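Here the structure comes first, spelled out in structure tokens, and everything after it is commentary.
Chain letters run A, B, ... following the sequence lines, proteins first, then strands; residues in each count from 1. Note that the coordinates shown come from a computational prediction; the quantities given were computed from them, not determined experimentally.
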Amino acid sequence: MLIFERGVKGRTATAQAPLVKAEATDIPDSLMRKNKAALPEVSELQVVRHYTNLSRKNFSIDTQFYPLGSCTMKYNPRGAHRVASLPGFLNRHPLAPESYSQGYLASVYELQEILKEVTGMAGVSLSPMAGAQGEFAGVAMIRAYHEKRGDHERSEIIVPIAAHGTNPATAVMCGYKVKEIPVLNDGDVDVEALKEAVGPQTAGIMMTNPSTCGVFERQIEVIAKVVHDAGGLLYYDGANLNAILGKVRPGDMGFDVLHMNLHKTFATPHGGGGPGSGPVAVGERLLPYLPTPIAGIEDAGGEPDYCWLGEEALPDSIGRLSAFMGNAGIILRAYIYALFVGRDGMQRVSEFSTLNANYMAKKLADAGFDLAYKDRRATHEFIITLSKQAKELGVTAMDFAKRLLDYGYHAPTTYFPLLVPECLLIEPTETESIDEMDGFVDAMIQILKEAESSADLVKGAPYTQPVKRLDDVKAARELDVSYKP
Amino acid sequence: MLIFERGVKGRTATAQAPLVKAEATDIPDSLMRKNKAALPEVSELQVVRHYTNLSRKNFSIDTQFYPLGSCTMKYNPRGAHRVASLPGFLNRHPLAPESYSQGYLASVYELQEILKEVTGMAGVSLSPMAGAQGEFAGVAMIRAYHEKRGDHERSEIIVPIAAHGTNPATAVMCGYKVKEIPVLNDGDVDVEALKEAVGPQTAGIMMTNPSTCGVFERQIEVIAKVVHDAGGLLYYDGANLNAILGKVRPGDMGFDVLHMNLHKTFATPHGGGGPGSGPVAVGERLLPYLPTPIAGIEDAGGEPDYCWLGEEALPDSIGRLSAFMGNAGIILRAYIYALFVGRDGMQRVSEFSTLNANYMAKKLADAGFDLAYKDRRATHEFIITLSKQAKELGVTAMDFAKRLLDYGYHAPTTYFPLLVPECLLIEPTETESIDEMDGFVDAMIQILKEAESSADLVKGAPYTQPVKRLDDVKAARELDVSYKP
Amino acid sequence: MPFIPHTEEDIQKMLETIGAQSIDQLFDEIPTHLRAGALDAIPPARSEMEIMRLMSDRAEQDSGALCFIGAGAYEHHIPAAVWDIATRGEFMTAYTPYQAEASQGTLQLIYEFQSMMTALTGLDVSNASLYDGASGLAEAVLMAIRANRKSKSKRVLIAGTVHPLYKKVVNSIVHNQQIELVEVAFDSTSLTTDVSALAQYEGEDFAALIIAQPNFFGTLEDIHQLTDWAHQQKMLVIGVVNPTAASLISPPGEWGENGADIAVGEGQPMGIPLASGGPYFGFICCKQALVRQMPGRIIGRTVDLDGKEGFALTLQAREQHIRRSKATSNICTNQGLAVTAATIYMSLLGQEGIERVARACHANTNRLVGLLSAVPGVEVISTGPRFHEFVLRLPKSSRLVLEHMAVQGVLGGHDLSDTYPDLENCILVCVTETKTEQDLNGYVNALEVSLKELETVEC
Amino acid sequence: MPFIPHTEEDIQKMLETIGAQSIDQLFDEIPTHLRAGALDAIPPARSEMEIMRLMSDRAEQDSGALCFIGAGAYEHHIPAAVWDIATRGEFMTAYTPYQAEASQGTLQLIYEFQSMMTALTGLDVSNASLYDGASGLAEAVLMAIRANRKSKSKRVLIAGTVHPLYKKVVNSIVHNQQIELVEVAFDSTSLTTDVSALAQYEGEDFAALIIAQPNFFGTLEDIHQLTDWAHQQKMLVIGVVNPTAASLISPPGEWGENGADIAVGEGQPMGIPLASGGPYFGFICCKQALVRQMPGRIIGRTVDLDGKEGFALTLQAREQHIRRSKATSNICTNQGLAVTAATIYMSLLGQEGIERVARACHANTNRLVGLLSAVPGVEVISTGPRFHEFVLRLPKSSRLVLEHMAVQGVLGGHDLSDTYPDLENCILVCVTETKTEQDLNGYVNALEVSLKELETVEC
């Protein structure tokens, strides 16, 4: 039942609005609203109950193992949430003077320093509000760099075929054409194809490493040389940074710019689809182009004095990407997470996420599932392909995914990357215990047995959720995207 | 699965304890702990996930209609919880000096004034930590009063048979014998029996009004006269105060002392069984005996200065009932609720809880259910008796209660009061909407139909909860009250 | 190891299963010389207790001022229930609802959100949110250019009264696609967009006209005239609106003869704390005909195998994970958690409640304007009908006055001097429903004291 | 009408159903002259926004001091997860788990709580909690009198080193049943209970001996000797213990040859904020043989119709709602929500974590004692092994010194002068793991400044 349907005309949650209804006689009638907005008319208890119960219809990290590949669904420390929710932080106006901002600015500045160190880059801007905006900022900086040098012929961004959809979409938003290059059977980029693809038209390449195939790109240094030699720059998509955090630094691999997904690698809550935060880090060459604002420091001896660096300080910046300075609350949470984890903890993140992924991969392989890249080490995630099961039993990756819900596990990412058929991309993260992983593997084995003995059971799943499989075609054809009373 | 069973030796939630393990060499070995306590050894995520999931196995006001008679399960304002959780309130030490207590004391003092006004009494102490402790305080004051006057012969407390079990248990804890008196068929106390029961041995009477029969005691003034004439005092059990809040005041009915259940009438969360808070209010005669401490005021002109009144100020007090001053956080929440509701809102509480109860009673009666007191007005709650159904269909009040859970409604109170067979005591409270009540009535009608067509279905309920009906006999016989690894 | 549950025994067991000697061996495909060294610039790990202490002190540093700054982010009362429920683990720690059956909570909530936004804006459809109001406007511009079939132009007219930071953000985002923003000068007396200023653009090809209501100065534009003019010129109309104000004043769907085509804005006033600027959320609504050009996620209502109502992501063919380089935007995440809070906020307040908030803001603002008329030397120069902000001209350096007021614990407003040379020593002042009579007097007092202090200094 | 959902239309519809003309008519059984008039002493209703503002100011008034007071309530770090989860609606707004099938969350949690408390105390069984430590001790006294089959006495021996407020509370609660507490004098040098002081009671009939470990002064008693003495005298032993300390020092179950019989204490240190004194919770544990004499709720593990594990209230025949006047206590509610928090706290910390907390408290306390040795004129008079409190004798009026320290933002300790004539100008100081090196120096500094100020005043 929709919240609207719980309402009746005239019902209100009285305590929540001013008790007196003030006059507004000085506004001309023609500028006043004619028809009242058809918002819900409900009591406070109804709202609390409705949304509490809605929340109970979700899977989440706090309730389930959620091995969604490429999404890094790790534990979101409650302490980070608590600290970021201190009234002093929640009530600060984004345009408050620096005299009322030192606490926030100190935290932001220190996070910038931490991110520089852990990525091996020379500068950081925290302002992009999500991974995709970070990508945009990164490619826009590549563009600004070429333009500043008067190199106007570079019109193409190279993207391996396994890349996230945001990569090509971003390149287009920055006014580039996209050239896709193939990936070999072992998951590495086809370097020969890359060599053919590069040229004076090459602005840069967008890559992740480890790639979305869940393997480390072994030719990364060759790739960097090929692209750099052609005059292009290397963009690192930080979606998979969790796999190498503190272990290998993008800067050391030859990347010129990268974004990070703080909501993944730095464990801030995903919130059912956001907010995220997608800071960018750059090498020396791109420093002048970082998006504004950035936290700076004026060290006049004694206590440091923090300040905002804007257009004046960075005249060649690609500019501002949000009205204020990005998803501040997420930035704070990431900073707090970094304080929790600390210097030594950074590489533990990659070590234990890698250990977990390799463990699960091995257990699943032993149970008869096909790994997509079985001769490779898994990184923090790995892919199994259910092509055999789809062919022999008629049970697809989607069916396995839906049936897993009945067993109380969120499904891994399905059908991504696009180049592996019937695949599940599985990322356990470092915060899950062996017990949870064993439970998941047992469920997969059980589902395989079910698929063998009663395929329809699996194909009809899920059975235990608030709804069964939904009619997506109807959703698109008979578009109903808002309630009409 | 128990939290203990999720643990493995050596696992810890590292961030939550000091990172360094300090020495304690100055404590003699003989005084040190020999065997480590077998507490869970789990990760932070495991704890969060375990208890989040456990919570999901509860019914609660925030998720369900919860018409549990005599328990006043109304909406617990989130705002009261938020305000009471302000760091300034949470971090105040109970023994902090008054200079660091003015904010808290002002709130407590004002709540005392509000409760005096709404009960019609002369003094209030907030220190009892629950209804039962409030009862204890009340009866102990009655005893102190008689003793102070040298009236040592009064050894009995009279209790109507419909009373809560805490009433007689309390009388005994105060060193009294209990004399039970009957209740008439119309729900009122048998005044003739009362007249016979009173005498020089009568210390007082403990009553609720409205009684647990869900009706207003019409003879209350006669009762008061009979008891007072015999030299006894009248104790008002505030369990049902919601029914008359702001409408009739216990002080005006002739009661000498009462306790209130703030967690009921003043809408503080019940917390799965507590904490509660059971302030006592008294008339002039009992003022000297109030339990300590009480918030007082020193009005030296200008800003008021609040202070604690302890033994020195109240030398005849029955003393202290808690180490500090009771369930302060609950007291704060109740104060905040009183601010929300305000002067005019007090009697709306009783009006709308009464309206709701009478509405539901009528709807159920119309649907063929038997009201226990059908010729009486319902108060804030009412009783239906399923004797007929039990006899004719073999389906008991317990069966109805369990089946209601399957329909998503918490069951009303069952088999209380003891004098009505196969009863359900139903209290909707004023915060529920007509829709929820209609849904409940529809469910009752549905269950009645089920009982008529397939009694076993109802007798086997619930089916949709985490467990089916539990074996209480085994629980008591093969006592397992703590996990042994 | 904070947050990592592995015991030594677990590790050994797992390595045995894998057949590896050590965790380090799992990284053997990575060239050794690429391995990172010690990360000295990162401080050592701290316990939660230590972090709480450190950060409480920092939060304290930023606290305590009475805030009269608005300029795109507004202090409102946020009911306690809003974040109590929005931060339940099931909402807060869920991912994008890709597995619809296991995400009905988030999906239904977003559907309800979309419905509320269309109700408030008076338009037909809404998406599931964008990053913030400013980037939302950039998406609206891209959308309008795609959607306007009557125009091939990559130029867009924008009122000079639109938030200056929004203009910057839009430019950052769209300029690489050779899209040009052409700014319409505003009337520096009325601080509104004079329809006569548009005359010069008549007959030119623009994809859209962007208007803000209330505008950046808090003043109300004559949106009906502006909208009708743009439609006559075959432009789409993009309205930048404040959702609180929309409950009181004419919403985009009611502008002019046919209503605006697209409405965008900052969702922050709907239950989102100021929080240093985010996470907020941008909203975007449009007429039904434009729905397939809308960027970002959209949730639709449908049925399951049993015909039972359910909710799912829909029209995904517009999005990057399907369309890749041909998507309507590269946007992926929305601001789900903020939307969750906003949906609860709008449910709790309803039309009646939001309107009361809007009216209280408006009345308080006018009250402060009234009090300021008694302060010698200052002048409220935005005299037209306003919502909850106004422009105040100071007799002294606005920078210095604001600094002096801040020392007294009053953030007196947002300085306009740098951005608008015509508005020297002017500040933008905002008063919401949160301000009491005492607060308003506090403002006046801090202002008077500051002016006096500056007087003295100059002597 | 805050929190009341009824519209005028709802009301009319309901009255029609009932067949009444007005709501007032529903009260027609109540004599009119009993109706209350206007409740003028109650302020008019306020909105949540107004209440938040008022109460934030009040909370602020009570904030900001560094607290070194213990004396039965202790400041510890409380992990954020504890109350985030404990206050989920399903825990916070549920009632007593009378409908077991719909309350398995609370029931299992309490079962786990009981298990943790028995693990910490080293005893066999625990109940679901009592109101607080002090009233818990009163219940333990009543229980011991019922349970001790070897004694018919209604007298109980209590060490003089037990918390003075506990003694008062016990007396308030039990004296009406003609129960007498006989206090054992303590050694004013060692601030412990000297076994030799017990000699005078040998051969007398007492139902129990009550000992606190650590005792009120923070000093450790020789609990093994005391326990064995009491058992030889056929008394039961009731231990009053601090659960944090119990992770480090000998728990009641390990005292003497046979262990204490009953352990009670204040549960507050297990994740409950100081919060002006409550809600806290009392715990009570005992040997298996005494379980049927235990007051309050007890949860047991059992199976359902399908043989599946489940949890339910058990041994209810002890309780007031069944046994009425013959119940073991009149207690009805427990402190469920506090227990919920404590259970999450104990899970997060575990034995290792609680022990680290205990060790850090102990080390910090000794550190402050060390620093104080350099302050002229003051003397730490509790010299024996301690946990996290000590007694400091001041060279000036303890009341004045504490007042002066408070002005400097340091709550220097709890004044013992009034309660213990032998301890004139002595204060009880507590240091927990929350205090940093800087805090300890701050203490010393505030103390020195205060002493100096008082010196000056007297000149």
Quick one: does D:Q351's side chain have a donor or acceptor within less than 3.5 Å of a partner on B:A37's backbone?
-> yes

B:Y483 backbone acceptor or donor facing D:Y111 side chain under 3.5 Å | yes

D:Y95 and B:H270 aromatic ring geometry - parallel, tilted or perpendicular at 30°/60° bounds | tilted

Is the D:F3 ring parallel, tilted or perpendicular to the B:F340 ring (thresholds 30°, 60°)?
-> perpendicular

Quick one: do the [X] and [Y] side chains pair a donor with an acceptor below 3.5 Å?
X      : Y      : result
B:E430 : D:H6   : no
B:Y51  : D:S347 : yes
D:R88  : B:S55  : yes
B:N327 : D:Q335 : yes
B:D471 : D:T302 : no

Which atom of [X] lies closest to which atom of [Y], heavy atoms considered:
X      : Y     : result
B:Y104 : D:D62 : N-OD2, 2.8 Å
B:R343 : D:D40 : NH2-O, 3.5 Å
B:G246 : D:A36 : O-CB, 3.5 Å

Give the intermediate values and the outcome of side-chain hydrogen bond (donor to acceptor under 3.5 Å, both in side chains) for residues D:H77 and B:Q16.
-> CA-CA 8 Å; D:H77 168 65; B:Q16 298 305 342; 3.2 Å; yes

Taking side chain as C-beta onward, heavy atoms only, is [X] less than 4.5 Å from [Y]?
X      : Y      : value
B:R469 : D:D304 : no
D:M92  : B:D62  : no
D:L39  : B:R249 : yes
D:L248 : B:R33  : no
D:F27  : B:I244 : no
B:Y100 : D:Q61  : no
D:L274 : B:R92  : no
B:L332 : D:M55  : yes

Mind checking the CD1-CD spacing from D:I42 to B:E113? Nearest 0.5 Å is all I need.
-> 10.5 Å

Residue B:E41 versus chain D: region with a heavy atom under 4.5 Å | neither

Have a look at D:E101 and tell me which of B:K468, B:K402, B:Q465 forms a side-chain hydrogen bond (donor to acceptor under 3.5 Å, both in side chains) with it.
-> B:K402

Contact part of D:T93 toward chain B, heavy-atom cut-off under 4.5 Å: side chain, backbone, both or neither?
-> both

